[in-house]
Amino acid sequence: MENISQHASQDLISIDGIIKSLQIQREEIVLDYSPADFTRLMKAFAELVMSERGEYSEFTIDRSNEPVILELYKYSTMDKSFSGNLFLGVALIGSYGCGKSLIMDAYSRLVNQFVQSKGLQVCPVLFKTSMELYNLAKSGITSQMLHTPLVIDEIGREPKVAKDYGNESTPMIDLLFERHRKGTITHATGNFTLESLSEMYGKMLGDRLKQMFNFIKLNGSSRR
């Protein structure tokens, strides 16, 4: 599945350079909301996402998702009490229907609203499903796909190999390798653990996923 020679040069890249790139991106966007304001905004944006899905109900913050929302607040404000590495992305992992996509979609909109309100000259966060990215990457990985902050919804759900007239390629694997190489902030949602993703994508990329994501568990059963 994995073209080892194609990605071998990745090992020659200084990890210090990647970390520096991540630090610069993170320091460009540090939210200044209070915990209460952040929570209210998360609720409002979550309900906006729900309405776009045709779900006209209240977004409930409870003991299952409140700890995750608090961690996202700490992450967004560069609070050193955050449980992971402030300079990596967030991969929100949980069971089907527990609300992880809703939370990360709402979070990306909250960040984009903050960027717009402050007039910051930074790229907005894109929210794309892994299947959308797979189809886009099959046609070639663009500069926007490499340099824009991104939430990959349902990472690992896309096909791992694309076939075109007998030729095989690995669009998502290549995209993740390149985003790691560029040191671009990447977030994700999914049902799979780091170990499962490493098995799907191969150990070489699995090692890099550890350098890209804080894996945070969203507890709870389906809310659907």
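Shown here are the salt bridge (Lys or Arg N to Asp or Glu O under 4.0 Å) partners of Asp207, two or more places apart in sequence or in another chain: Lys210. By the side-chain contact (heavy atoms from CB on, under 4.5 Å) test, Val30 is found to be paired with Met78, residues two or more places apart in sequence or in another chain being considered. Arg157 pairs by the salt bridge (Lys or Arg N to Asp or Glu O under 4.0 Å) definition with nothing, not counting sequence neighbours. Under the side-chain hydrogen bond (donor to acceptor under 3.5 Å, both in side chains) criterion, Asn191 pairs with no residue, sequence neighbours left out. For Ile69, the side-chain contact (heavy atoms from CB on, under 4.5 Å) criterion is met by Phe38, Thr39, Met42, Phe59, Ile61, Asn65, not counting sequence neighbours. Glu28 meets the side-chain hydrogen bond (donor to acceptor under 3.5 Å, both in side chains) test with no other residue; sequence neighbours excluded. For Glu58, the side-chain contact (heavy atoms from CB on, under 4.5 Å) partners two or more places apart in sequence, or in a different chain, are Lys43, Glu47. Scanning for side-chain hydrogen bond (donor to acceptor under 3.5 Å, both in side chains) contacts around Asp32 gives Lys118, with sequence neighbours left out. Under the side-chain hydrogen bond (donor to acceptor under 3.5 Å, both in side chains) criterion, Glu132 pairs with Thr129, not counting sequence neighbours. Taking the salt bridge (Lys or Arg N to Asp or Glu O under 4.0 Å) definition, one finds that Lys163 meets it with Glu168, sequence neighbours left out. Under the side-chain contact (heavy atoms from CB on, under 4.5 Å) criterion, Ser108 pairs with Asp105, Val125, Phe127, Val151, sequence neighbours left out.
Hydrophobic cluster membership of Met131, counting Ile, Leu, Val, Met, Phe, Trp and Tyr whose side-chain heavy atoms lie under 4.5 Å apart directly or via other members: Tyr134.
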